[in-house]
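For ligands, and for the atoms within them, numbers begin at 1 and follow the listed sequence. Predicted model, so just to flag it, every value in this text is computed and none were measured.
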Amino acid sequence: MQRLALFDLDNTLVDRAAGFRFWALEFCEAHGLDPSEVQWMIEADGDGLVPKEAFFAQVRDRFLLDDAVAALWAQYRERHPVLIPVCPGVLSGLTQLRQTGWKVGLVTNGFADMQSSTITNSGVSQNVDGWAISEAEGVRKPERRLFEIATERCGTTLTAGGWMIGDSVSADIGGGQAAGLRTIWIDRGRLWPDALSKPDHMVPDAAEAITVLLMQHAY
Ligand SMILES: [Mg+2]
């Protein structure tokens, strides 16, 4: 099997949850809200899965803001990606993978502007061979095509196999399996759903996943 590692971005290579907390704190300060509202915002965001129009409509109602939902969302799109930190050990780990002959790609669902900004600001852009963002390509994980595009940008093809690493059960692991890839699930303290086909490995974070990859193909 070729040395191809495709990674999810949010809550895999970068700590989107920490970035959201930073953003929510800033938002509370800027609007004179009690910092304890950060917890409500984290819950309302649903780990990023709640559509942002719905989220900001709730925010506007709860805090009696004059700002339009579209304006709040626009500010968020620009600011949040800047606040998302890379996960510990990721930059050095990706460097090590590439030094040992791995091609490293990114496969992410999200908005083109936000994901590009996150990739650049976190420093990840310097350490990968290519990426595919769902909005830019018009196709989302778990669909095979997005994995294929990222792989092509790494200069290779999916037919030679490889690995997909991510925190989403369906988008990353289900999608990776369907694309013929071996998989590593970033569990973030969760249990794997019994009914579903298991990933090849389950680890707490990306640094551990990179260690697994390096061991699979040790010289
Ligand atoms: Mg993710």
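Each side-chain hydrogen bond (donor to acceptor under 3.5 Å, both in side chains) pair with one or both residues in residues 27-36, not counting sequence neighbours, appears once here: Asp34-Ser36. For residues 191-211, every residue pair satisfying the ring pair (Phe, Tyr, Trp, His ring centres under 6.0 Å) rule, not counting sequence neighbours, is listed here: Trp163-His201, Trp185-Trp192.
Shown here are the protein N/O/S atoms lying under 2.8 Å from the Mg ion (ligand 1), water excluded: Asp8 OD2, Asp10 O, Asp167 OD1.
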Next item on the list: Quick one: do Asp167 and Arg16 satisfy salt bridge (charged side-chain N to carboxylate O under 4.0 Å, His left out)? Show the steps, please.
Entry: CA-CA 12 Å; Asp167 71 303; Arg16 191 236 174 229; over 6 Å; no

Please report, to 0.1 Å, the donor-acceptor pairs under 3.5 Å made by any side chain of residues 58-67, with sequence neighbours excluded.
from	atom 1	to	atom 2	distance (Å)
Arg60	NE	Asp67	O	2.6
Arg62	NE	Glu37	OE1	2.9
Arg62	NH2	Glu37	OE1	3.0

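Few gaps surround CG on Leu49; more than 12 heavy atoms of other groups in view lie less than 6.0 Å from it.
When the options Leu94, Val124, Val107, Ile184 are evaluated for a side chain to side chain contact (heavy atoms under 4.5 Å, CB included) with Phe7, the one that passes is Leu94.
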